[in-house]
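Remarks on the structure that follows.
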Amino acid sequence: MSNYRHLTQTEIEILEHNVCWAEDWQRVRVAEGFKPYNFHRVMFYGDIQLGEFRKMVEVSKGFVKHSGINDATLRNVTVGDDCLIERVGNYINNYTIGNDCYISNICTLETTDDATYGEGSVISVLNEMGDGNVTIFRELNSQMASFMVKYNQDKVLKQTLQQMIEDELRVTRPERGTIGNNVKIVNARDITNTIIKGDCEISGAARLSECTIMSSKDASVFIGTGVICENSIICDGCSINNSVKMQDCFVGEACQITNGFTAEASLFFANSYMANGEACAAFCGPFSASHHKSSLLIGGEFSFYNAGSNTNFSNHAYKMGPLHYGTLERGTKTASGSYILMPATIGAFSVCFGKLMHHPDTRSLPFSYLMAYGDDCYLVPGRNITTVGLYRDIKKWPKRDKRSKLSRKSIINFDWLSPFTVGEIQQGIKILENLRSASGDNVTTYNFHEYVINASSLRKGLKYYDIALRIYMGAVLKRAQKEGYIGQPVSTVGKGRWVDLSGLLLPESEEQRLIDDIKSGVLDNIQQVLDRFSEINNRYSDYRWAWSYQMILDYYHLDELDAAACERIHEDYVRARRAWIAEIRKDAEKEFAMGDVEQEVFDDFVSKLDHEIDYEN
């Protein structure tokens, strides 16, 4: 409502009869259709603007009250149409409230001078004692955050990005706190310097201070009992409940944080779930989860990760049933920059962690198991490629994306085989072949740094890696044929090494081009940087083909892809897929024989494997 008028003398008399009072009735302006009858025991200070109050408001299922304001003190407040505000213990000060809101039994709702609403602060993730490396703002996504962390030592890039964000906030930051339409705030204590977007529900929160809550109609946010949230941003579709304590954090789309979880200076992106435990200086990328009270996520970068209970690893055995713990789809990065094997079943992980983090090149043995026997750590290369757990993960992650289609800021590429992972597989093959070449075939074990690889494990690892290569090449070729191109790539972009920016798979050359364009001023605002991530993702198929085309030629020793070569690659693809499914079936049968899985669950899983032939053509 933009057109307001002064109150009539009759309206003032009615309001005063209902025990309402104003510091200056001339500063109380109302919508044209305003009626004064549903205002009782209200005190008005400063400049007040009131909408029309005509509708009934449902305060609980089947229980409605007429819109209006009762038992409240307002100072410099705008209230939209058809709101119900009642039982405000202290006051509402310097706020703009939208239409159809219900605010009841709160203490204080206020905007003070120099409010930031949680935007613009710089936090330090991965290193809790270090200088800040991520700037929090409402449009932050996992790619932007990962980019900031990765290139924190580039002072020019860091300063340029920081200036871009500050320029954006200078234009977009409101003068006072706002509450969107259809917001429900009940039984809350203190809400200070907080922007609350539409369709949000806050019930029983203890304190919200310097926060932005990015709720929307198709992805509402719920803030529940006992929550204390300070200097943080909460994105669309989130649920923060049951005495969560959070400070200096960013919570991305469709995340759930509950049951007493505490977090400081941490990032949580798309579909992450956190309960009971604690996070400090943690970078939790898409689909990170922690369920246990003993779990402390500190100084690490996680993605597609389910934290175990530290000392109890029994839950990692449950792979065929509804739960599957311990698989790292993309990998975990330690504070030192080293990588844990990706994906890896954790097993007796704590024994080997100290050794593992000293060898970043173990990242080049992907999909491996790491196990401890006594003082020795054993590597089982490529074993996870043929497990029930990985097969379930491939199927389940896309289905578990609960984000609204209109609120998906973070980019997630669900391909388990991509130029990124397949490139690591190729490096893994070279390592294993070099080990075998150096020590020969007549040995029982091979030594890789401080790890032991059994000879049988090495041979199987090469076999599993080759199966993955042939599945990848056949699948990419099949997609290329459907999209109408199988010849020489039109661009060289995509060749060379690929990287993972917390869900976005991209050529390293494109990452470098982004850096150069930011520094040179080709990209001069933060939205253009975010758009570049989307553009890169939209060209993923083209970049993947540029990388895969040469790989296919090299693997099959070809000069070009003709019809005969395509037919051969497809036949290899079918054989590799069937070998892969057969190995997964063996893994399922082994697990069933151990008695951990019910017959019905086993039969259902095997039935899914039987239908895999449907995807061969």
Side-chain angles (χ1 to χ4, degrees), residues 76 78 93-96 98 109-125 131-149 151-152 154-180 191-198 200 208-216 221 229-236 238 246-253 255 264-269 283 407-410 502 514-515 517-519 521-534:
N76 296 336
T78 295
N93 180 30
N94 292 328
Y95 251 90
T96 298
L109 177 62
E110 180 176 30
T111 306
T112 62
D113 293 339
D114 301 320
T116 66
Y117 314 106
E119 293 194 281
S121 58
V122 182
I123 67 171
S124 178
V125 297
D131 295 332
N133 52 11
V134 176
T135 303
I136 294 179
F137 64 107
R138 68 181 66 182
E139 295 304 319
L140 184 69
N141 63 12
S142 58
Q143 284 68 53
M144 189 73 250
S146 181
F147 189 70
M148 289 178 179
V149 171
Y151 294 102
N152 181 56
D154 188 327
K155 292 184 178 180
V156 174
L157 181 64
K158 181 179 180 179
Q159 291 171 359
T160 304
L161 288 172
Q162 180 70 24
Q163 189 61 52
M164 286 182 179
I165 295 169
E166 290 177 1
D167 291 344
E168 177 76 10
L169 295 182
R170 192 178 303 111
V171 174
T172 60
R173 181 176 287 149
E175 293 182 359
R176 66 185 188 184
T178 59
I179 294 175
I191 300 177
T192 306
N193 299 340
T194 295
I195 294 173
I196 303 169
K197 296 292 187 177
C200 177
L208 302 177
S209 176
E210 297 291 358
C211 293
T212 294
I213 303 174
M214 300 293 292
S215 184
S216 58
V221 170
C229 189
E230 299 175 333
N231 199 44
S232 298
I233 296 175
I234 299 168
C235 291
D236 310 66
C238 289
M246 182 185 305
Q247 184 173 8
D248 300 320
C249 291
F250 182 93
V251 184
E253 313 92 79
C255 290
E264 181 178 354
S266 294
L267 308 172
F268 306 92
F269 291 105
F283 189 119
S407 56
R408 296 190 173 187
K409 290 185 290 191
S410 292
S502 193
L514 174 59
I515 294 170
D517 287 351
I518 293 171
K519 288 184 174 181
V522 172
L523 303 179
D524 61 7
N525 65 69
I526 200 65
Q527 190 56 53
Q528 289 179 347
V529 177
L530 294 167
D531 289 344
R532 175 66 65 82
F533 290 128
S534 296

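This is a predicted model, so every value here is computed, not measured. In what follows, residues are counted from 1 in the order of the sequence shown.
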Report task. Specify the closest pair of heavy atoms between Ile136 and Gly118, including all atoms of both residues, with the distance to one decimal. Result -> CG2-O, 3.6 Å
Query raised in the report: Between atom CG of Asn76 and atom OG1 of Thr111, what is the distance when rounded to the nearest 0.5 Å?
Result: 10.0 Å
**Report entry** Selection residues 110-124 - residue pairs positive for salt bridge (Lys or Arg N to Asp or Glu O under 4.0 Å), sequence neighbours left out
**Finding:** Glu119-Arg138
Report summary line: For Phe269 and Ser410, the nearest pair of non-hydrogen atoms, with its separation, is CD2-OG, 3.7 Å
Query raised in the report: Are Thr192 and Glu210 close enough that some pair of their side-chain heavy atoms sits under 4.5 Å apart?
Result: no
Report task. Kindly determine whether Ile518 and Tyr151 satisfy side chain to side chain contact (heavy atoms under 4.5 Å, CB included), including the steps that lead there. Result -> CA-CA 12 Å; Ile518 293 171; Tyr151 294 102; over 6 Å; no
Report summary line: Residues at least two apart in sequence or cross-chain that pass salt bridge (charged side-chain N to carboxylate O under 4.0 Å, His left out) with Asp531, listed by chain then number, are none
**Report entry** Contacts of type side chain to side chain contact (heavy atoms under 4.5 Å, CB included), residue Lys409, not counting sequence neighbours
**Finding:** Glu139, Asn141, Cys235, Phe250, Glu253
**Report entry** Glu230: partners by salt bridge (charged side-chain N to carboxylate O under 4.0 Å, His left out), with sequence neighbours left out
**Finding:** Arg207
Report summary line: Taking every heavy atom of Ile195 against every heavy atom of Pro174, the minimum-distance pair comes out as CD1-CG, 3.5 Å
Report task. Please step through side chain to side chain contact (heavy atoms under 4.5 Å, CB included) for the pair Thr116 and Ser121, ending with a clear verdict. Result -> CA-CA 9 Å; Thr116 66; Ser121 58; over 6 Å; no
Query - Sub-4.5 Å side-chain heavy-atom contact between Ile123 and Asn231 - result: no
Report task. Give the minimum heavy-atom separation between Phe283 and Ser142, together with the two atoms involved. Result -> CZ-O, 3.8 Å
Requested in this report: Report the C-alpha separation of Leu161 and Met144 in whole Å, then their side-chain angles, then the decisive distance to 0.1 Å, and conclude whether the side chain to side chain contact (heavy atoms under 4.5 Å, CB included) test is met.
Outcome: CA-CA 10 Å; Leu161 288 172; Met144 189 73 250; 3.8 Å; yes
Query raised in the report: Going from CD1 on Ile515 to CG on Leu523, what distance comes out if it is rounded to the nearest 0.5 angstrom?
Result: 12.0 Å
Report task. Report yes or no: do Glu166 and Gln162 form a side-chain donor-acceptor pair below 3.5 Å? Result -> yes
Requested in this report: Take Cys238 and Phe268, measure what side chain to side chain contact (heavy atoms under 4.5 Å, CB included) needs, and give me the verdict at the end.
Outcome: CA-CA 11 Å; Cys238 289; Phe268 306 92; over 6 Å; no
Query - Smallest separation among heavy atoms of Met148 and Asn133, with atom names - result: CB-O, 3.3 Å
Report task. Just jot down the salt bridge (charged side-chain N to carboxylate O under 4.0 Å, His left out) partners of Asp167, sequence neighbours excluded, or say none. Result -> Arg170
Query raised in the report: What distance do Ile191 atom CD1 and Leu109 atom CG have between them, rounded to the nearest 0.5 Å?
Result: 5.5 Å
**Report entry** Heavy-atom pair of closest approach, residues Gln247 and Ser232
**Finding:** C-OG, 3.9 Å
Query raised in the report: Rounded to the nearest 0.5 Å, how far apart are CG of Asn193 and OH of Tyr95?
Result: 6.5 Å
Report summary line: d(Ile165 CD1, Ile526 CD1) to nearest 0.5 Å is 4.5 Å
Query - Polar contact flag, side-chain donor to acceptor under 3.5 angstrom, Thr212-Arg173 - result: no
Query - Those residues that, when tested against Arg532, pass salt bridge (charged side-chain N to carboxylate O under 4.0 Å, His left out) (two or more places apart) - result: Asp517, Glu535
Report summary line: Taken to the nearest 0.5 Å, the spacing of Leu267 CG from Cys249 SG works out to 7.5 Å
